[in-house]
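Keep in mind that this is a model prediction, so the values were computed, not measured.
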Amino acid sequence: MTTMENDSKQYLYFICAVSAMGGLLFGYDWVVIGGAKPFYELYFGISQSPLMQGVAMTTALIGCLAGAMVAGAAADRYGRKPLLMVSALLFTVSAIATGLFSDFTSFNVARFIGGVGIGVASALAPMYIAEVSPAAIRGRMVSLNQMTIVLGILSAQIVNMLLAKDTSVAECQAWNVAWGWRWMFWAETLPAALFLVMSFFIPESPVFILLKSRRENAASERAEEAGLRELLQPQYRGVLLLGLVIAVFQQWCGTNVIFNYAQEIFVGAGFNVDGMFINIVITGIANVVFTVVALFTIEQWGRRTLMLLGAGGLGVIYLILGTCYYAGVTGVVMVALVVAAISVYAMTLGPVTWTLLAEIFPHRIRGVAMATCTFALWVGCCTLTFSFPSMNAALGSSGSFWVYSVICMCAFLFLYRRCKETKGKSLEQLEEELTAHSA
């Protein structure tokens with residue numbers, strides 16, 4: 001490899017890593033609330049109000065919907081880079097404000113702002129990486145975004161464990177309720193500010209530059225309207241349906257409730273709050289390890305194989321997990337099953353979903369299509385997160401995981417019929433193949 005090629009490769013890794021910092025903050029901001037939950041609920045006096053608990057957990061997700069909804073059109077109009085910078089600024093503001101406010105309304109406003117940042121970053125980061133990466137390593141590079149997401153998740157879990165003092169000591173619990181949950185959110189400020197600074201040093205996506213050039217050489221109004229119109233044209237409906245199902249299924253496969261409702265899941269499996277934090281970190285480590293596995297398997301095994309493995313594997317694990325809850329099994333067996341579920345998700349549905357969404361849409365409509373699917377993903381996440389407490393109360397943990405098992409099996413059948421392999425193919429080649437298949 002020549003010096004120029006080596007420098008070019010290092011620069012590619014640099015700009016992809018900077019873009020993927022949005023994933024790091026996405027993962028941290030998304031999961032930190034799970035560890036803060038037992039303490040801010042006591043501080044705000046909502047520990048006995050399932051409705052207000054659901055509001056606190058879903059406010060950021062509503063922000064995700066708003067961010068994802070505007071990200072595509074804004075990215076096609078102003079570029080990928082400015083939107084990544086905006087998301088970095090939103091993360092920074094939210095991290096400071098969430099821990100600063102002392103009333104429940106302001107707390108939720110700050111969480112909403114962070115959610116907008118997540119929505120923008122989740123739509124733009126994988127798309128940007130896909131557009132700057134060569135076909136031969138595109139899957140691995142887009143999976144880098146998932147790697148930073150799980151590193152952000154693990155960072156939040158470790159920070160939560162380190163900041164949460166011994167809950168059996170009254171003075172420590174008082175500190176947790178007064179200040180501990182605040183510092184859990186404030187810890188995000190440093191990486192958010194770093195992302196903001198580093199985003200100034202990445203270039204604009206070459207795909208956006210090309211689209212901008214085409215608009216300047218044609219009627220701009222017609223070009224902009226075409227992207228929105230074409231999204232619903234017959235030749236794109238099949239690929240749009242595939243993207244929407246993949247996006248929603250990544251959330252409704254059920255794995256993410258383990259992160260957001262870890263307290264209920266592990267306490268239900270027989271652990272106290274202190275044991276809960278240790279088990280959460282264990283799941284976080286498994287999440288990182290198997291995401292690393294995904295970086296190597298995604299180009300070898302292919303996207304379709306991994307999606308089928310994820311859907312089928314989780315369906316079986318949730319069936320067993322629900323049965324164990326029903327039989328009253330507790331202890332290390334339950335932790336092992338939860339870790340198995342996280343591991344399967346981390347090497348399949350977690351990274352591969354973002355890779356497929358970044359690959360399957362034509363250049364002309366990629367921004368609006370990616371935003372539409374990301375919006376659908378966050379609708380799935382929002383409904384999943386809001387519905388779990390009520391579903392868990394009505395069906396119990398056993399019934400809840402059986403429901404997720406059925407969803408996974410149905411998704412397996414859909415993916416088996418509709419999901420085509422995309423590894424090793426250029427974005428132009430995929431555009432031709434997938435739109436022809438949809439026609």
Side-chain angles (χ1 to χ4, degrees), residues 29-64 94 97-112 114-115 156-157 159-161 163-186 254 256-280 322 325-326 328 330 334 338 381-401 403-404:
D29 197 90
W30 182 29
V31 169
V32 67
I33 194 167
K37 184 176 182 291
F39 310 130
Y40 73 69
E41 287 181 350
L42 290 172
Y43 181 88
F44 290 119
I46 62 171
S47 58
Q48 301 301 317
S49 174
L51 177 61
M52 290 298 101
Q53 291 172 20
V55 169
M57 291 294 290
T58 54
T59 299
L61 299 179
I62 295 172
C64 291
S94 175
T98 304
L100 184 65
F101 292 130
S102 296
D103 67 278
F104 190 58
T105 299
S106 299
F107 169 86
N108 281 288
V109 170
R111 290 294 296 159
F112 176 84
Q157 292 165 335
V159 167
N160 288 344
M161 183 181 68
L163 288 174
K165 298 184 181 296
D166 188 351
T167 56
S168 64
V169 178
E171 292 80 2
C172 293
Q173 178 67 350
W175 186 89
N176 289 334
V177 173
W179 292 102
W181 64 270
R182 297 180 187 273
W183 282 103
M184 292 175 184
F185 292 109
W186 283 337
N256 291 326
V257 300
I258 296 173
F259 294 118
N260 288 325
Y261 290 100
Q263 178 187 8
E264 287 86 346
I265 290 171
F266 284 116
V267 169
F271 294 92
N272 58 28
V273 174
D274 295 321
M276 173 198 76
F277 278 113
I278 295 173
N279 290 327
I280 289 173
Y325 270 115
Y326 183 79
T330 59
M334 304 301 285
V338 169
C381 185
C382 186
T383 53
L384 175 81
T385 304
F386 189 79
S387 65
F388 179 75
S390 299
M391 184 169 69
N392 201 43
L395 303 179
S397 297
S398 59
S400 297
F401 281 105
V403 168
Y404 297 140

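Side-chain contact between L42 and W181: absent, with no pair of heavy atoms (C-beta onward) separated by less than 4.5 Å. Inter-residue side-chain proximity for Y40 and I33 is flagged as met; some heavy-atom pair is nearer than 4.5 Å. Under the 4.5 Å side-chain criterion, counting only non-hydrogen atoms from C-beta, F101 is not in contact with R111. Contact check for L100 versus R182: no side-chain heavy atoms found under the 4.5 Å cut-off. Side-chain contact between F44 and M52 is absent, with no heavy-atom pair separated by less than 4.5 Å.
Between T59 and V55, the shortest heavy-atom contact is OG1-O, 2.6 Å. Contact detail for D29 and S94: the closest heavy-atom pair is OD1-OG, 4.3 Å. Across all their heavy atoms, Q48 and Q53 have their closest contact at N-NE2, 4.0 Å. Nearest heavy atom pair, residue S398 against residue G322, reads CB-O, 3.1 Å. F185 approaches A36 most closely through the heavy-atom pair CE1-CB, 3.9 Å. Counting all heavy atoms, side chain and backbone alike, A178 lies closest to Y43 at CA-CD1, 4.4 Å.
Around CH2 of W183, the count of heavy atoms belonging to other residues, nucleotides or ligands within 6.0 Å does not exceed 12. Around CH2 of W179, the count of heavy atoms belonging to other residues, nucleotides or ligands within 6.0 Å does not exceed 12.
Rounding to the nearest 0.5 angstrom, the gap separating the CZ atom in F112 from the SG atom in C64 is 9.5 Å. Between atom CG of residue D103 and atom CG of residue N108 there is a gap of 9.5 Å, rounded to the nearest 0.5 Å. For the atom pair E41 CD and M57 CE, the distance stands at 8.5 Å (nearest 0.5 Å).
Aromatic ring pairs are classed by plane angle as parallel below 30°, tilted from 30° to 60° and perpendicular above 60°; the pair F401 and Y325 is parallel.
At distances below 3.5 Å, not a single donor-acceptor pair connects side-chain atoms of T98 with backbone N or O atoms of F107.
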